[in-house]
**Student:** 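Here it is, the structure in full.
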Amino acid sequence: MAINLNIIPLNKWLDIKESPLVISGPCSAESEGQILKTAKKIAQVPQVKIFRAGIWKPRTRPGLFEGVGEKGLTWLQKVKAQTGLLTAVEVANPGHVEAALKHHVDIIWIGARTVVNPFSLQELANALKGVNIPVMVKNPVNPDLNLWIGALERINLSGIDRIAAIHRGFYFFDKTPYRNAPMWEIPIELKRLIPNLPVICDPSHICGERSMLLDVAQKALDLEMDGLMIESHFDPDNALTDPQQQIKPDELSQLISSLVIRREEGSIEFAGKLEELRTEIDKIDAELINILSRRMGLIDEIGKYKRNHNITILQLKRWSNIVNDRLKTGLNSGLQKEFLQKLLEVVHNESIKRQTDIYSGKEE
Ligand code: PEP
Ligand code: MN
């Protein structure tokens, strides 16, 4: 079911002539010179509308560079005056909000480590009551869509209606090529639940290194994300935070011009053919559901039969034979092994669940 948030569309408060909308700037503000040098270069890229810089940095261990603090906000005012870019900083507590407002920061964002904590979010929401500033909410570190939605709701309930979400990837227990696994299905589901919510992708924190930035940025656009946040620094290798993932302003410019901007809708013929293919998909999905329901009907029957004969539910040998057999058939039909494994696991888990319900008498 859709979730109703009162949101002003991005193009009503931002001038987005050149697509995609790009937010860029260093991970951290380090010095006035660094900020201005970077800002002046990236301001020449027409898609860059917003200059980002962390002033207060959430660091895992104490003793690391924790940001320059409030004095960095005066540098940002100079960025704005000298380049015309809007400015954005991360805030994590009401004191940060107050300082950002005092220095006329244009946009604030809430970082991934803050979004995990509903108490912090509520404190920020309270501090934002009656304040007229756009707020961007990063996804929480852990892959919990409801936590992300809850944060957006808290901010919206405080009266902020210029809101965007930022997809920066998620903690994943297993090794992946990314610093933060993108888990694209989560921002897609967010968009499905809150269709009027702009979602901006942050390839820098997803990748954690430069070589994959273009691919992730392109994928974000292909998935109809509304913009990109990409970290840039005039001397990335010597940056005080996130040195491996920041890129030079000219690399940013190159990356943006390499992006393929695809349209959401095409010609009448295109729409006709697409409709035809979609109708076909609808039919196949209906068949798929019907087949699954028939499979589960049989599972119930087997469950009752086994129960009546006092046989255990889980028959591992049978299951591993099924997996091997279905994998072989599936692979021969051109399906990917990982997909098949996941699918079989979901089906198997549901089958076990139905049978345990039967054994415990919940289902007759
Ligand atoms: C950042 O944008 O520099 C940052 C700290 O990001 P995140 O909150 O996504 O880790
Ligand atoms: Mn960073």
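Read the numbers this way: they start at 1 and go in the same order the structure lists the ligands and their atoms.
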**Student:** Counting each atom of ligand 1 from 1 as listed, which ones have a heavy atom of K57 under 4.0 Å away?
**Tutor:** 1 (C), 3 (O), 5 (C)
**Student:** Just do the side chain to side chain contact (heavy atoms under 4.5 Å, CB included) check on E275 and E280 with the steps written out, would you?
**Tutor:** CA-CA 9 Å; E275 202 39 51; E280 200 60 26; over 6 Å; no
**Student:** Suppose we measure from atom 8 (O) of ligand 1 to each protein heavy atom; which comes out shortest, and what is that distance?
**Tutor:**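 Here the nearest protein heavy atom works out to A112 N, 2.8 Å.
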**Student:** Which atoms of ligand 1 have any heavy atom of C27 under 4.0 Å away?
**Tutor:** 3 (O)
**Student:** So, the side chain of H348 versus the backbone of L344: is there a donor-acceptor pair under 3.5 Å, distance only?
**Tutor:**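 Not a single qualifying donor-acceptor pair exists.
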**Student:** With a 4.0 Å cut-off on heavy atoms, does G54 reach ligand 1?
**Tutor:**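 False for this residue.
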**Student:** By atom name, which N, O or S atom of E231 is the nearest to the Mn ion (ligand 2)?
**Tutor:** OE2
**Student:** Can you confirm whether more than 12 heavy atoms, excluding those of I268, are under 6.0 Å from its CD1 atom?
**Tutor:** no
**Student:** Which residue owns the protein heavy atom closest to atom 6 (O) of ligand 1, what's the atom, and how far is it?
**Tutor:**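 Nearest neighbour among protein heavy atoms for atom 6 (O) of ligand 1, to 0.1 Å: K138 NZ, 2.9 Å.
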**Student:** Parallel, tilted or perpendicular for F170 and W148, by the 30°/60° rule?
**Tutor:** perpendicular
**Student:** Please determine whether the number of non-hydrogen atoms from other residues, nucleotides or ligands lying under 6.0 Å from atom CD of Q336 exceeds 12.
**Tutor:**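 Count not over threshold, so no.
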**Student:** Closer than 4.0 Å to some heavy atom of G111 - which atoms of ligand 1 meet that?
**Tutor:**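 Those of ligand 1 that fall under 4.0 Å from G111 are 8 (O).
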**Student:** List the closest protein heavy-atom neighbour of atom 5 (C) of ligand 1: residue, atom name, distance to the nearest 0.1 Å.
**Tutor:** E90 OE1, 3.5 Å
**Student:** Hey, are the side chains of D237 and P243 touching, using non-hydrogen atoms and a 4.5 Å cut-off?
**Tutor:**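 D237 vs P243: side chains apart.
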**Student:** Which atom, counting only N, O or S, brings D242 closest to the Mn ion (ligand 2)?
**Tutor:** OD2
**Student:** Is there a heavy atom of M229 sitting under 4.0 angstrom from any atom of ligand 1?
**Tutor:**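 The answer is no, since M229 has no heavy atom less than 4.0 Å from ligand 1.
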**Student:** Would you indicate which of R168, H205, R52 comes nearest to atom 10 (O) of ligand 1 when only heavy atoms are counted?
**Tutor:**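 Comparing heavy atoms across R168, H205, R52, the nearest one to atom 10 (O) of ligand 1 lies in R168.
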**Student:** Flag the pair E251 and K248 as a salt bridge only when some basic side-chain nitrogen lies within less than 4.0 angstrom of an acidic carboxylate oxygen.
**Tutor:** no
**Student:** Kindly give the heavy-atom pair with the smallest separation between W75 and I35, and that separation in Å.
**Tutor:**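 Heavy atoms of W75 and I35 come nearest at CE3-CG1, 4.0 Å.
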